[in-house]
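First up is the structure itself, then whatever we jot down about it.
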Amino acid sequence: MSSSAMHTKARCPVYPGSNIQRFPVPDDKISWSTDWPEYNPVNYTAPSVLKKPAWADSEIGSFSPKFNSLDGSVDRRSHEGNYTVQDGRPLNPKGRTGLNGRGLLGRWGPNHAADPIVTRWKRDGSGQRVSHAVSNLPVLQFVSIKRKDCGEWAIPGGMVDPGELVSLTLQREFSEEALNSLQASPQEREKIRERIAQLFKSPGFQVYKGYVDDPRNTDNSWMETVAVNFHDETGDSVSELPLQAGDDAGQVKWIDVDSSQPLYASHSSFLQTVTKKRNAHW
Ligand code: RP5
């Protein structure tokens, strides 16, 4: 993927959750190797990050992060290989975003996430798989959440805690998001928890590992993820999660996988890879 394709959402004109304008970066100026003396982005780190919650670093100067290494339990290595550090600050490996500082992200450099893509086949009332009228290919559905920060539909991913195994993050994030949406009895919850644990026991299919085109990215802080597909082929495992039942806010639901569905960050391209692997409609 070219840098301009990777940097679409990471160049959104107004930084999320603020009225801060990014310095406009045209496609041909994204690369750091293109000389651009006029480039003069604003330095912005959100007040919520500067308050230094447990998940955030301090300002550079008050501490010295060990970039490109495992820094205590904080993993500052990038899935994209070694990144450049200039004047003490890490540089976004995909190029300019029009904003300096950390914005809403806690870590200088890579901020590691994991994205569990839980899928099932779409079925009709009699349990038969549904094929798309145009492509004639079977339609997949995936568990999607509506993000509170921007209202966009997304894979229920989340940040990897320091020292946490990605396999654990995938299951923890999915369980939190899916279970929180349910108005289920403690017994039902236990049953669901078991089914999730069963599905996540398999290694899953690794869909993607690397940089994410996230609107929160800056020149010095960016999102990276490991996206893994867990597929309920037979439809008798997590497929039966009653996600919409009792969920009036509609925050979590099964959504048809289709190229026309807008999704957060790079999530649409992850789903496209899943459809190729499963020979499903896109
Ligand atoms: C995206 O941000 C990742 O793909 C992941 O889905 C998400 C993690 O951030 P939070 O949901 O924890 O804000 O870039």
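For ligands, and for the atoms within them, numbers begin at 1 and follow the listed sequence. A quick note: this is a predicted structure, and the numbers were derived from the prediction, not measured.
- The cationic atom of Arg96 (NZ for Lys, CZ for Arg) lies less than 6.0 Å from the six-membered ring centre of Tyr39 and within 45° of the ring axis.
- Close approach of ligand 1 to Arg216 is summarised as follows: ligand atoms under 4.0 Å from at least one heavy atom of the residue are 2 (O), 7 (C), 8 (C), 9 (O), 10 (P), 13 (O).
- Annotation for ligand 1: atoms under 4.0 Å from non-hydrogen atoms of Gly157 are 6 (O), 11 (O).
- Side chains of Trp121 and Glu233: a donor-acceptor N/O pair is present below 3.5 angstrom, by distance only.
- Both the backbone and the side chain of Met159 come within contact range of ligand 1, each with a heavy atom under 4.0 Å.
- Counted within 6.0 Å of NZ on Lys52, heavy atoms from surrounding residues, nucleotides or ligands total more than 12; the atom is thus considered enclosed.
- The shell of residues lying under 4.0 angstrom from ligand 1, judged by heavy atoms, includes His267.
- Annotation for ligand 1: atoms under 4.0 Å from non-hydrogen atoms of Val212 are 14 (O).
- What sits closest to atom 11 (O) of ligand 1 on the protein, heavy atoms only, is Arg147 NH1, 2.8 Å.
- The closest approach between a heavy atom of Gly158 and any atom of ligand 1 is below 4.0 Å.
- Nearest approach of Pro90 to Phe67, heavy atoms of both residues: CD-CZ, 3.5 Å.
- With Tyr211 as the fixed residue, the ring-ring contact (aromatic ring centres under 6.0 Å, His included) test singles out one of His79, His7, His112: His7.
- Residue, atom and distance of the protein heavy atom nearest to atom 6 (O) of ligand 1 are Asp115 OD1, 2.5 Å.
- With 3.5 Å as the limit, one finds no donor-acceptor pair spanning the side chains of Asp213 and Ser266.
- Closest protein heavy atom to atom 14 (O) of ligand 1: Asp214 OD2, 2.6 Å.
- Cation-pi geometry between Arg120 and Trp254 is met: the NZ or CZ atom falls under 6.0 Å from the ring centre, inside 45° of the normal.
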